[in-house]
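Okay, structure first, notes after.
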Number of protein chains: 2
Amino acid sequence: MPNDVGHEIADALGTLLKRSTREQIHRRLTEGLGEAVDEVTYPVLSGLARTGPRSAAGLADEIGLDRSGVTRRATRLEEAGLLSREPDPGDRRATLLTLTEAGRQAIETTRQRLAAHIEDSLAAWPPGEARAFARQLHRFVDHGPFTS
Amino acid sequence: MPNDVGHEIADALGTLLKRSTREQIHRRLTEGLGEAVDEVTYPVLSGLARTGPRSAAGLADEIGLDRSGVTRRATRLEEAGLLSREPDPGDRRATLLTLTEAGRQAIETTRQRLAAHIEDSLAAWPPGEARAFARQLHRFVDHGPFTS
DNA sequence: GCATATTGCGTGCCCCGCGCACGCTAATCT
DNA sequence: AGATTAGCGTGCGCGGGGCACGCAATATGC
């Protein structure tokens with residue numbers, strides 16, 4: 001085997017996914033935000049924060065989930081006061097999912113906390129190396145494998 | 001914000017996990033290996049291949065799953081002929097989970113396929129850069145955040 | 001040496017996430 | 001105007017996963 005870069009990356013991604021799917025990341029990051037924001041409802045908030053008010057179907061496409069799942073999670077978040085359903089002014093059958101101020105604050109807090117957590121653990125790295133790694137990771141995710 | 005490396009990495013990891021948890025990776029990699037090797041049973045095979053014959057409790061600890069889950073997955077894999085339960089010679093109550101030759105071949109095939117897939121998509125990178133990225137990713141996973 | 005505690009497995013039970021399908025309303029097409 | 005399509009919400013069944021129990025085998029205490 002002349003080049004085992006693929007194996008190296010595969011192993012690293014494997015252990016990384018193994019830890020993340022155990023929801024340890026989200027659990028650690030969302031603690032103190034209220035019980036409504038768990039690793040299940042997080043993608044809904046995150047997607048909304050990224051694209052602004054949006055319909056359930058659009059979010060479902062982006063998250064890669066069934067529309068019913070988005071509906072249920074939205075209901076839960078709505079009861080928690082982090083999300084509100086507002087009628088689409090242009091289409092009266094559609095309901096736009098919109099973050100409330102509390103929702104925006106919650107997602108922003110988690111984002112800041114996650115970034116700080118990552119930067120803390122990267123403090124020992126040479127600063128230029130950390131920056132290069134971030135850029136390469138970004139490229140890997142955008143143009144790498146699994147960009148189905 | 002003087003340094004947004006954390007945000008960059010967080011975003012990249014977010015999209016990466018979003019794609020992977022949708023089991024798209026495992027589904028793509030395990031197709032053609034028989035129905036028994038799905039994204040659920042894969043960690044059992046992978047863990048066994050890494051550490052050799054092992055008890056269910058040990059595997060459960062490593063995977064981060066309940067022991068009952070390991071038992072059920074092992075049963076499924078055993079029925080598929082990829083795994084065998086052999087009594088521990090030193091402890092007659094324990095049963096060592098052991099990969100059969102078919103199991104070893106299956107896990108090896110998926111590993112090769114995954115590595116090839118990754119290397120293909122990294123073919124356009126400067127070779128030194130890809131290697132450096134692999135090493136940094138490895139370090140990130142080992143000594144980075146989330147090393148609970 | 002025997003009774004008790006501990007360890008390792010397997011299994012039944014329950015919860016919950018998720019996809020599917022149905023019904024309903026509103027918008028669009030002919 | 002009637003038919004078709006798009007957007008939602010909800011009931012249902014399936015399957016993964018944790019918890020607890022029972023059983024067998026080993027280790028420990030008296």
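Letters A, B, ... mirror the listed sequences (proteins, then strands); counts begin at 1.
Residue A:Leu99 is not grouped with residue A:Leu96 when hydrophobic side chains (ILVMFWY) are merged at heavy-atom distances under 4.5 angstrom, including chains of intermediate members.
Using a 4.0 Å heavy-atom cutoff across all strands shown, B:Thr95 reaches sugar-phosphate atoms only and no base atom. Nucleic acid contact for B:Thr75: none, since no nucleic acid atom lies under 4.0 Å from a heavy atom of the residue. Among the protein residues, A:Asp91 comes within range of the sugar-phosphate backbone only, with heavy atoms under 4.0 Å from sugar or phosphate atoms but none that close to a base.
Using a 4.0 Å cut-off between a side-chain N of Lys or Arg and a carboxylate O of Asp or Glu, A:Asp88 and A:Arg54 do not qualify as a salt bridge.
Using modelled atom types, no side-chain atom of B:Thr95 and backbone atom of B:Pro87 make a donor-acceptor pair closer than 3.5 Å. With hydrogens and angles disregarded, a donor-acceptor distance shorter than 3.5 Å links the side chain of B:Thr51 to the backbone of B:Gly47.
Proximity note for B:Arg72 (side chain, C-beta onward) versus D:dG18, C:dG17, D:dT10: the nearest is D:dG18. Checking C:dG8, C:dG19, C:dT7 against every side-chain atom of B:Arg93, the shortest atom distance belongs to C:dT7. Distance from the side chain of B:Arg67 is smallest to C:dC9 among C:dC9, C:dG19, D:dA25.
Phosphate contact (OP1/OP2 of C:dC9, side-chain N/O of B:Arg85, threshold under 4.0 Å): absent. OP1 or OP2 of C:dG10 lies within a sub-4.0 Å distance of a side-chain N or O belonging to B:Thr71.
If A:Asp66 and A:Arg92 are placed on DNA chain C by their nearest nucleotide, the residue sitting closer to the 5' end is A:Asp66.
Look at CG on A:Asp61: it is 14 Å from C1' on D:dC8, rounded to the nearest Å. Spacing between atom CG of B:Leu59 and atom P of C:dG10 amounts to 12 Å, rounded to whole angstrom units.
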